[in-house]
Amino acid sequence: MSDTAPKTVGGILTDNLWHSNPIFMQVLGICSALAVTNLLTNTFIMSVGVIFTTMMSNFTVSIIKGLIPRKVRMMVQVLIIAFYVIIVDIVLRAYMPDIHEALGPYVGLIITNCIIMGRAEAFAQSNGPGLSLWDGITSASGYMGVLLVIAFFREILAFGSLFGFRIMPNWFEPWIIMAMPPSAFFFLGIIIWIGKTIMNHEEAAA
Amino acid sequence: MNKQSLVYTIVFTFAVCFVFVAILAVANDLTAEQVRQNQIVAQQRAVLNAMGISYQSDEEVLSLFEDVEQEEIDGTIVYITEKDGNRIYAMSFRGGGVWGPIVGILAMDSSLENIFGIEIISHEETPGLGGRITEEQWKEQFRDRPVPDGSIDVVRGGSTGDGQVAAISGATGTSNSMERILNNAMERFRELLGGRDA
Amino acid sequence: MNAPDIGLFSLFFASIFTSNILLANFLGMCSFIAISKDLKSSNGLGLAVTVVLTVTGAANWLILHYILIPYDLIYLRFIIFILVIAAMVQILEMVIDRVSQKLYITLGIFLPLITVNCAILGVSLFIEIREYNFVQTVIYSLGSGLGWWLAIVALAAIRNKTEKTKTVPAGLQGSGLTMITIGLMALAFIGFSGMLSVQ
């Protein structure tokens with residue numbers, strides 16, 4: 001898809017946030033992220049970690065792409081991604097210990113987030129460092145947007161709170177099912193449904 | 001130089017690995033002190049929670065903790081505080097849950113026949129099922145719970161007399177693990193403090 | 001005594017059904033959704049994942065307990081684990097190539113996909129966090145692999161049917177419906193917990 005994608009700053013923005021949103025359109029990278037969508041705070045921090053990793057690994061791959069021998073290209077990309085993920089892990093452990101505890105193994109799983117690998121391979125390998133950085137930020141932000149929407153509904157229904165602050169009235173009985181895994185799949189399915197329907201309308205109108 | 005040659009490939013891969021590992025080692029070293037500090041604060045917060053002492057901020061935790069005595073007996077740190085004229089002892093516990101280690105704090109009064117409170121520091125149980133051991137509602141059952149025969153019994157259904165707390169529905173395994181872990185911890189308490197006067 | 005307090009059979013059962021690595025931990029979704037359109041390749045990928053998972057789970061346990069923990073290198077575990085996985089996949093590819101040409105043709109194309117399958121790295125990370133002992137590690141890795149295999153084959157079979165129906169709204173077709181199907185499967189799998197009290 002990136003072959004036909006526009007290579008301008010604005011084009012990349014709208015493309016990554018909407019037309020080729022990694023979650024709506026490609027259903028990529030949900031492995032490491034859905035599990036933490038039962039609380040908004042965790043989702044937010046996790047997404048920031050993904051944005052940081054995607055942008056920096058895109059940037060690094062783009063800078064040293066000329067130096068990487070072909071045979072070990074994939075391995076070097078994985079190394080670069082793992083390097084930034086460990087940085088995220090170290091920073092979280094030192095400065096946000098509660099969130100680090102809550103995210104558990106899912107921080108490490110950012111490494112295998114298909115979006116990061118996908119952007120490094122599809123975009124950073126063939127574009128300059130500046131644009132690659134921007135591409136990383138925007139595609140990971142498109143991903144963050146979808147996750148935050150899911151987390152918003154799950155947290156409010158599962159715990160009656162948003163970002164940890166209780167906002168539902170006292171009579172509200174939390175829905176335990178919303179804290180459990182299946183609800184994430186349902187919400188993602190519904191969001192994809194809504195997103196695609198709007199997109200179909202846009203196409204029909206155009 | 002030929003970028004596809006074997007020598008270049010090996011040298012390049014090693015160089016990349018070396019640079020990355022060096023940076024990570026430095027970053028890890030720089031934050032090591034902060035991480036240790038975090039663990040201390042987390043431990044202290046949990047001790048205060050188990051002892052039923054409320055606080056607002058991490059600074060307050062540190063100042064409140066100055067009133068808590070720490071005594072090392074036989075390699076285990078016992079936290080001691082006075083509350084309404086009673087001495088309260090607290091100690092960390094650690095044991096295997098269904099999915100992973102459960103770590104927390106158990107506080108008992110000086111007779112060792114009443115649990116004063118518990119706090120869970122970390123666990124790996126299933127969210128929504130066993131993970132509910134961290135909910136206030138469940139932990140509150142242990143607040144001032146008499147344990148006359150020296151052990152706690154986690155019962156299904158919810159009748160909670162002396163020495164009993166209600167199991168978490170749908171999480172029998174975790175409930176049983178908690179029962180075993182807490183009973184081990186109480187056993188340890190008696191070993192350490194058994195001979196003492198109240 | 002800190003190893004998880006769960007019988008080996010319960011662990012095996014739970015890792016396949018009630019705590020299925022895919023349906024409860026969301027791991028291995030990418031290749032799952034891409035491949036699960038077709039029953040035959042789902043089967044091949046499932047087998048490959050099961051083999052790689054079991055081998056890398058055991059290998060990473062040994063590395064964790066005999067290298068990373070003694071030398072205080074825990075913070076490098078992400079890099080080490082992923083490299084071990086990549087190396088294992090390579091070795092496995094060579095071994096299969098030597099042993100059976102037929103198996104190589106069936107599994108060969110899936111092996112490179114597996115390196116970046118989150119389920120493999122996820123299992124290694126869970127093994128570390130949950131402090132499994134070696135036997136538990138092997139049982140858990142094998143169970144998770146089988147559970148993943150079961151889930152992908154079941155989903156492929158369901159998708160075969162649903163893709164043929166014409167009554168699904170346009171926006172829901174494809175990935176949207178797949179997600180909802182997976183959600184229903186996840187609910188059903190949690191239902192297995194009534195059979196054995198494993199939670």
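The figures that follow rest on heavy atoms only: side chains count, while hydrogens, waters and symmetry mates do not. Each chain gets a letter, A, B and so on, in the order the sequences are listed, and its residues count up from 1. Predicted model, so just to flag it, every value in this text is computed and none were measured.
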Taking atom CZ as the centre, does A/Phe44 end up with more than 12 heavy-atom neighbours from other residues, nucleotides or ligands that are less than 6.0 angstrom away?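 No.
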Near B/Trp138 CH2, under 6.0 Å, is it more than 12 heavy atoms from other residues, nucleotides or ligands?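 Yes, because the 6.0 Å sphere around CH2 of B/Trp138 holds more than 12 heavy atoms from other groups.
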Under 4.5 Å heavy-atom distance to chain B, tell me which part of A/Met178 shows up: side chain, backbone, both or neither.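 A/Met178 has no heavy atom closer than 4.5 Å to chain B.
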Toward chain B, the part of A/Asp89 with a non-hydrogen atom under 4.5 Å: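 The answer is neither part of A/Asp89.
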Should B/Val35 and A/His100 count as side-chain neighbours, where that means a heavy-atom distance under 4.5 Å?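 No, side chains not in contact.
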Would a 4.5 Å heavy-atom cut-off, applied to side chains only, mark B/Val16 and A/Phe83 as touching?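 No. Closest side-chain heavy atoms not under 4.5 Å.
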For A/Phe153, what residues pass the ring pair (Phe, Tyr, Trp, His ring centres under 6.0 Å) criterion, not counting sequence neighbours?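 Counting only residues at least two positions away or on another chain, A/Phe153 forms a ring pair (Phe, Tyr, Trp, His ring centres under 6.0 Å) with A/Phe187.
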Locate the shortest heavy-atom distance separating B/Ser122 from A/Glu101; write the atom from each residue and the value.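 Scanning both residues, the minimum pair turns out to be CB-OE2, 2.9 Å.
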Over all atoms of both residues, closest heavy-atom pair of A/Ile90 and B/Ala27: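 Heavy atoms of A/Ile90 and B/Ala27 come nearest at CG2-O, 3.9 Å.
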Close approach to chain B in residues 57-67 of chain A, criterion heavy atom under 4.5 Å: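 Hits under 4.5 Å: A/Ile64, A/Gly66, A/Leu67.
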Interatomic spacing from CG in A/Asp98 to CZ in B/Arg45 - rounded to 0.5 Å: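 Output value for this atom pair is 4.5 Å.
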How many angstroms lie between atom OG1 of B/Thr31 and atom CG of A/Leu92, to the nearest 0.5 angstrom?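 That separation rounds to 11.0 Å.
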Exam field: side chain B/Asn38 to backbone A/Pro97, donor-acceptor pair closer than 3.5 Å: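 Side chain of B/Asn38 to backbone of A/Pro97, a donor-acceptor pair under 3.5 Å: no, none is there.
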Out of A/Ile87, A/Ile68, A/Val76, which one racks up the most heavy-atom pairs below 4.5 Å with chain B?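 Winner by heavy-atom pair count: A/Ile68.
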At a heavy-atom distance under 4.5 Å, which candidate from B/Asn28, B/Leu30, B/Val21, B/Thr13 has the highest pair count against chain A?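 Of the options given, most contacts go to B/Asn28.
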Which residues pass the side-chain contact (heavy atoms from CB on, under 4.5 Å) test with A/Thr53, not counting sequence neighbours?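 For A/Thr53, the residues satisfying side-chain contact (heavy atoms from CB on, under 4.5 Å) (neighbours in sequence not counted) are A/Ile81, A/Tyr84, A/Val85, A/Val88, A/Ile110, A/Ile116.
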Heavy-atom distance under 4.5 Å to chain A: side chain of B/Arg36, backbone, both or neither?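 For B/Arg36, neither part sits under 4.5 Å from chain A.
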Against chain A, label B/Phe20 side chain, backbone, both or neither, depending on which of its atoms sit under 4.5 Å from a heavy atom there.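 When you check distances to chain A, atoms from both the backbone and side chain of B/Phe20 fall under 4.5 Å.
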Salt bridge (charged side-chain N to carboxylate O under 4.0 Å, His left out) contacts in which one or both residues fall within residues 103-118 of chain B, not counting sequence neighbours: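 As it turns out, there is no salt bridge (charged side-chain N to carboxylate O under 4.0 Å, His left out) pair with a partner in residues 103-118 of chain B once direct neighbours are skipped.
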